[in-house]
4 protein chains.
Amino acid sequence: MARGNTRQRIQDVALELFAEHGYEKTSLREIAEKLEVTKAALYYHFKTKEDIVISIFEDLTQPIDELITWAEEQPRTLETKQEILRRYQAALTGAAPLFRFMQENQATVRDLSIGETFKKRMMTMARLIEDPDLGMTDRVRCISALFTMHAGMFFMQNVEGDPEEKREAVLEVAIDLVTQAHHGPRK
Amino acid sequence: MARGNTRQRIQDVALELFAEHGYEKTSLREIAEKLEVTKAALYYHFKTKEDIVISIFEDLTQPIDELITWAEEQPRTLETKQEILRRYQAALTGAAPLFRFMQENQATVRDLSIGETFKKRMMTMARLIEDPDLGMTDRVRCISALFTMHAGMFFMQNVEGDPEEKREAVLEVAIDLVTQAHHGPRK
Amino acid sequence: MARGNTRQRIQDVALELFAEHGYEKTSLREIAEKLEVTKAALYYHFKTKEDIVISIFEDLTQPIDELITWAEEQPRTLETKQEILRRYQAALTGAAPLFRFMQENQATVRDLSIGETFKKRMMTMARLIEDPDLGMTDRVRCISALFTMHAGMFFMQNVEGDPEEKREAVLEVAIDLVTQAHHGPRK
Amino acid sequence: MARGNTRQRIQDVALELFAEHGYEKTSLREIAEKLEVTKAALYYHFKTKEDIVISIFEDLTQPIDELITWAEEQPRTLETKQEILRRYQAALTGAAPLFRFMQENQATVRDLSIGETFKKRMMTMARLIEDPDLGMTDRVRCISALFTMHAGMFFMQNVEGDPEEKREAVLEVAIDLVTQAHHGPRK
DNA sequence: AATGAATGAGGTTTCATTCAT
DNA sequence: GATGAATGAAACCTCATTCAT
């Protein structure tokens, strides 16, 4: 019947359910049923339930890693930061369900082995956008830029309007925030 | 020891554990053990596990309700919005653990009976701060102001600096965002 | 229905089944069914399956502990050793099902937390009966006395004859072995 | 690596693990992993898990069968019995891991198809060494001689001393026991 | 001679919940 | 105002086994 794509299908269905109902509330029975395989089949492909989440995380988190690697080699200029935000939005858009899951299950994720990794990644992003020389207000602006993008991903879905237009608006606001942070107080 | 206050103590401990490990991962056994009572005692005070969360939600959410009620009676001016943000921050600060819980367990909360209510409240807040007349970018700015405050509550803890100073900076950035939204593009 | 004796009944039934089919082969379902309670009831009284075995072990092993304590205060004479064997047989007889279980599930017991304790106890018994001054042959005689009693407990059931008579004969042979060990070769 | 000898290697590894952790606790997965083959490979060589144990049992138990066959043709004299013990020790030594497994997993073995066979073999050994004419005490002495050898195999490892010397001492004590049984009461 | 993929049965354990006392 | 005892459902996970390739 199924060809060698079962592993992939498990990841897809699992992510979908994890994102929808949360990690704890999603049972392996549900995943198996939706795939029309037995629970044991899941265990053939993954050692534990946590392993499923880890594998999804690793597969989809790569773009962020690459972004970080790239960013760390660039000069720490305003232009770089703007480009970081552009690329970050692209990464976020590409792995939207995973990010939704991470965002909406933070309490759970924290207790999973990926929790630490994920947090570190967030802190690194903050470090790349922030600047220790800035005053507190401007540092908040930078972090706010990041969270604007996160908010943009999910909460914004509840706002009417063309998705593409919304995405551009989000990016504009975020870029604006870091720009202001760099030019000293707006005005 | 102290009698009569058990209901309150249950809520406190439950919220603490829910916020720390998530709603699903926290069992009534854990809560009972931490309180040094039996699980059955919890059922004397609350009909179900969900009831505990609802009661916490209701007790602590009141300030937001009052803020909304107040805001709806005010003229929809920039000054009002700035004051809303000020009051919102106060409400957030007063019910920090609850908001942390709500924020970090969105997937779970969504499936709970309070989920709908909570979402509606968030949308109302957005509506009060936003303005349909504004362009998309400025609307994003308004929503971003809200999320800046949320981010400020939790992620900001990972940023070094005096908490009071950070709070003020967060408020400043948020107010700035709605102000810009109203004045048309910052100059 | 059941009065406060459920814990005891669990231990009794569990020991019976563990002794009959082995620890691993006996499932909690079986134990529960035989008691006409649910599996969950077992978990009200014991934290894990291993806990059941530990509790049985602790309850029934006490006589041996007392024997060791007593023996360690006596002079290390032949008479003492003979009395040790007499008391050891009494202890073995009193906790026959437990000893059968321990004897017949050594491989399993070794991986359980009681394994170490049990082994230590056996070594201590050997030390109390043995004597480092003796030659190797006589030391073997002493250890053999111990194992004669163990064999007497179980294998001997397959030999026809009056149980009481068999018990006495086993004791006689065991005592004889340590006596010979002390007098040098018989005659 | 080496081909063609997989069957043998499975038996070796299986016996090692069965003896160490018990039959039930050892899974085919563990055996396969240790051999760096798949579980399915085991099924190419053996029809079931029990089949593995049976095959080991048959291969290694042969010496005892031969000993029994030989013994049944001899005159039932003291000298014969002494020789039986000598040969029994040799057989035990040659198949030490199997005997350890049998000894330490009696509860499990009893429920396996080899259980009955093994028990019969033990009873036959007892019959060959015993003598219905003897009094109960002397019969116990004979059986004790057998168990002394078993004890010698495993428990004796915990006693310090040269292995060769221990083996000889064990044999001496065992022979002594049957000799006494035949000469009427010692002294 | 062996593997990759899967299954069905069953294991231990945990959970929210109930109820007589 | 709370406990002790228990339950039914379901969770995660493991196992021996099968079969097409």
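What you see below is based on every heavy atom in this structure, not just the backbone, and it leaves out hydrogens, waters and symmetry mates. Order of the sequence lines sets the chain letters (A, B, ...), proteins ahead of strands, with each chain counted from 1.
For A:H150, the ring-ring contact (aromatic ring centres under 6.0 Å, His included) test picks out A:Y88, A:F147, with sequence neighbours left out. Every residue two or more places apart in sequence or in another chain that forms a side-chain contact (heavy atoms from CB on, under 4.5 Å) with C:K47 is listed here: C:D51. B:F18 pairs by the ring-ring contact (aromatic ring centres under 6.0 Å, His included) definition with B:Y23, B:F101, not counting sequence neighbours. Residues that satisfy the side-chain contact (heavy atoms from CB on, under 4.5 Å) test with B:F154, not counting sequence neighbours, are B:F99, B:R100, B:Q103. With sequence neighbours excluded, the residues satisfying side-chain contact (heavy atoms from CB on, under 4.5 Å) with C:Q11 are C:R7, C:Q8, C:F46, C:S55, C:I56, C:D59.
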Show every donor-acceptor pair shorter than 3.5 Å between a side-chain atom in residues 26-33 of chain B and any protein atom, with sequence neighbours excluded, or say none if there are none.
residue	atom	partner	partner atom	Å
B:T26	OG1	B:L17	O	3.2
B:T26	OG1	B:G22	O	2.7
B:S27	OG	B:E30	N	3.2
B:E30	OE1	B:S27	N	3.1

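Between A:H45 and E:dG4 there is no side-chain N or O to OP1 or OP2 distance below 4.0 Å. At the phosphate of F:dA5, OP1 or OP2 sits under 4.0 Å from a side-chain N or O atom of C:Y44. Listed pair B:T6 / F:dA2 meets the phosphate criterion, a side-chain N or O lying under 4.0 Å from OP1 or OP2.
To the nearest 0.5 Å, the span separating CD1 on B:I64 from CZ on B:F118 amounts to 8.5 Å.
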Which dot-bracket notation, 5' to 3', represents the base pairing of DNA chain F when pairs are defined as Watson-Crick or G-U with both distances under 3.5 Å, crossing pairs as [ ], and inter-strand pairs as |? .||||||||||||||||||||

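For residues 106-120 of chain B, the set of pairs meeting the salt bridge (charged side-chain N to carboxylate O under 4.0 Å, His left out) definition, not counting sequence neighbours, comprises A:K25-B:D111, A:E104-B:R110. Here salt bridge (charged side-chain N to carboxylate O under 4.0 Å, His left out) pairs that include residues 37-46 of chain C, with residues two or more places apart or in two chains, number zero.
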Report each atom pair, protein N/O against N/O of nucleotides 14-16 of chain E, whose distance is under 3.5 angstrom.
residue	atom	partner	partner atom	Å
E:dC15	OP2	B:R29	NE	3.3
E:dC15	OP2	B:R29	NH2	3.1
E:dA16	OP1	B:K49	NZ	2.7
E:dA16	OP2	B:L28	N	2.9

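For the contact set between residues 51-60 of chain D and DNA chain E, defined by any heavy atom under 4.0 Å, there are no members. Contact check of residues 104-118 of chain C against DNA chain E (heavy atom, cut-off under 4.0 Å) returns no residues at all.
For the residue pair A:T108 and B:E24, no side-chain donor N or O sits within less than 3.5 Å of a side-chain acceptor on the partner.
If you find the closest nucleotide of DNA chain E to A:V37 and to D:V37, the one lying nearer the 5' end belongs to D:V37.
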